[in-house]
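Worksheet: one structure, shown below.
Chain naming here is simple, since letters A, B, ... match the order of the sequence lines and numbering starts at 1 in each.
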2 protein chains.
Amino acid sequence: MLDDVDLKILKIIQNDAKYPLEKISQEVKLPKSTVAYRIKKMEKEGVIKGYYTHIDPSALNLDYLVVTMIKAKYGQNYHETLGKKLAQLPGVWGVYFILGDIDFIVIARFKNREEFLNNFLEKLINMPEIERTSTSVIAKTIKETPFQIL
Amino acid sequence: MLDDVDLKILKIIQNDAKYPLEKISQEVKLPKSTVAYRIKKMEKEGVIKGYYTHIDPSALNLDYLVVTMIKAKYGQNYHETLGKKLAQLPGVWGVYFILGDIDFIVIARFKNREEFLNNFLEKLINMPEIERTSTSVIAKTIKETPFQIL
DNA sequence: TTTGAAAAACTTATTAC
DNA sequence: GTAATAAGTTTTTCAAA
């Protein structure tokens, strides 16, 4: 479905969404219009899902990061509803459903401990689908490049 | 440092890096040149760290996702060196240093179980700084929007 | 730091192959 | 799917406030 040229294009734009068509065309040695055609096609097919601006969280004082492990209560569709609820909590950017002793890993960002407690942990406690939770504070983000996949 | 207009601009472009200046200028009710000036300023100051293309990992068959918990051996600068080593492993996009029983949480993406074993786990095993590891397979990514912070 | 206008750069549309 | 050109947009520059 994707050939080498597509991959080369993706590799170029994944870290620089505004990289000019002209330069891409030089690097892949195809005319601008062809590169444009291929990019549009990948957008339509869902290979390219969007173009994001990477904003430094620290600039907004979002320096209180946490990872929370969640075990859901055993029951019918607890996982389904709980996953959705977790994804909607303010500050939460990552919700992963995993196989094992824990059911969910949630990664979230807050301004400070108070916001974490009031906007997040307080709400977790009131969710009936949750059996237990365990939160760790992230002391340092060493790497965070989810969209760098090539 | 950032005023309401800056925040409004960031909010618009965080999910659409290619949103035209003209439309932004209409929405914040300031001329294009002013909006351009502010964006450039935020780029220089590091508030805006880049523009990424969101590529669907499934399009590249990167559907084997894992979360690995790592405990480092007790020692001098094990954490520092280990953190760097983990960040360089292929497939790894998230490395978080946490406070608690575990030292690192690593999130990575592979094509299949074999690539995970050969390119990742095999290498972990050979790192002398590691005390023990525990890996969970992510059954479902419910949310993953690290750069959506506004 | 803001602004408007002009220039430069970039993207899209069109057509043909 | 590729390619060339033309048309249309968007971004950048710049002098002035």
Side-chain angles (χ1 to χ4, degrees), chain A residues 1-63 111 145-150, chain B residues 1-63 111 145-150:
Chain A
M1 193 170 146
L2 294 174
D3 65 14
D4 286 355
V5 176
D6 291 325
L7 291 176
K8 212 166 172 183
I9 294 170
L10 288 176
K11 198 165 188 170
I12 293 169
I13 63 176
Q14 79 171 341
N15 289 313
D16 191 353
K18 298 193 174 184
Y19 202 80
L21 218 48
E22 178 125 43
K23 285 191 186 172
I24 302 172
S25 98
Q26 288 166 10
E27 290 176 33
V28 302
K29 292 178 180 94
L30 280 174
K32 285 185 295 183
S33 51
T34 304
V35 175
Y37 170 83
R38 281 168 175 263
I39 291 176
K40 274 271 168 296
K41 195 178 168 218
M42 290 192 280
E43 285 171 358
K44 277 199 193 95
E45 286 168 345
V47 175
I48 292 173
K49 300 191 83 115
Y51 302 97
Y52 296 162
T53 298
H54 182 184
I55 300 163
D56 181 9
S58 292
L60 299 169
N61 299 313
L62 292 163
D63 290 319
K111 290 205 168 150
T145 55
F147 303 139
Q148 198 169 309
I149 63 180
L150 275 165
Chain B
M1 193 169 146
L2 294 173
D3 64 13
D4 286 355
V5 175
D6 291 323
L7 292 176
K8 212 167 172 182
I9 294 170
L10 289 176
K11 197 164 189 171
I12 293 169
I13 64 176
Q14 78 171 342
N15 289 313
D16 190 354
K18 298 194 175 185
Y19 202 80
L21 269 184
E22 178 123 43
K23 284 193 187 171
I24 303 172
S25 101
Q26 287 166 9
E27 290 176 33
V28 302
K29 292 178 181 96
L30 280 174
K32 283 185 292 184
S33 50
T34 305
V35 175
Y37 172 84
R38 280 168 176 262
I39 291 175
K40 276 270 169 296
K41 194 180 168 215
M42 289 191 280
E43 287 171 358
K44 279 200 192 94
E45 286 169 346
V47 175
I48 293 173
K49 301 190 84 114
Y51 302 97
Y52 297 162
T53 298
H54 182 184
I55 300 163
D56 181 9
S58 292
L60 299 168
N61 299 313
L62 292 163
D63 289 319
K111 289 203 170 153
T145 55
F147 303 139
Q148 199 169 308
I149 64 181
L150 274 164

Where the side chain of B:Leu21 is defined as all heavy atoms beyond and including C-beta, which of C:dT3, C:dC10, D:dT11 is the nearest nucleotide? D:dT11

Please report, rounded to the nearest Å, how far the [atom2] atom of [N] is from the [atom1] atom of [X].
X: A:Gln26; N: D:dA3; atom1: CD; atom2: C1'; answer: 16 Å
X: B:Arg38; N: D:dT11; atom1: CZ; atom2: P; answer: 17 Å
X: B:Glu22; N: D:dT12; atom1: CD; atom2: P; answer: 14 Å
X: B:Lys41; N: D:dT11; atom1: NZ; atom2: C1'; answer: 20 Å
X: B:Lys29; N: C:dT3; atom1: NZ; atom2: C1'; answer: 18 Å
X: A:Ile39; N: D:dG1; atom1: CD1; atom2: C1'; answer: 15 Å
X: B:Lys32; N: D:dT10; atom1: NZ; atom2: P; answer: 9 Å
X: B:Leu30; N: C:dT1; atom1: CG; atom2: P; answer: 14 Å

Minimum heavy-atom separation for A:Asp56 and B:Gly46, please, with both atom names. CB-O, 3.4 Å

Looking only at heavy atoms, what is the nearest atom pair of A:Ile12 and A:Tyr19, with distance? CG2-CD2, 3.4 Å

Can you work out whether B:Asp3 or B:Lys18 has the more 5'-proximal nearest nucleotide on DNA chain C? B:Asp3

Spell out yes or no: do the side chain of A:Thr34 and the base of D:dG1 have one donor N/O and one acceptor N/O closer than 3.5 Å? no

Any B:Lys40 side-chain N or O less than 4.0 Å from OP1/OP2 of D:dT12: yes

Should B:Tyr37 be listed as having a side-chain N or O under 4.0 Å from OP1 or OP2 of C:dT2? no

Once the angle between the rings of B:Phe147 and A:Phe147 is folded into 0 to 90°, is it parallel (under 30°), tilted (30 to 60°) or perpendicular (over 60°)? perpendicular

Would you find more than 12 non-hydrogen atoms of other residues, nucleotides or ligands less than 6.0 Å from B:Lys23 atom NZ? no

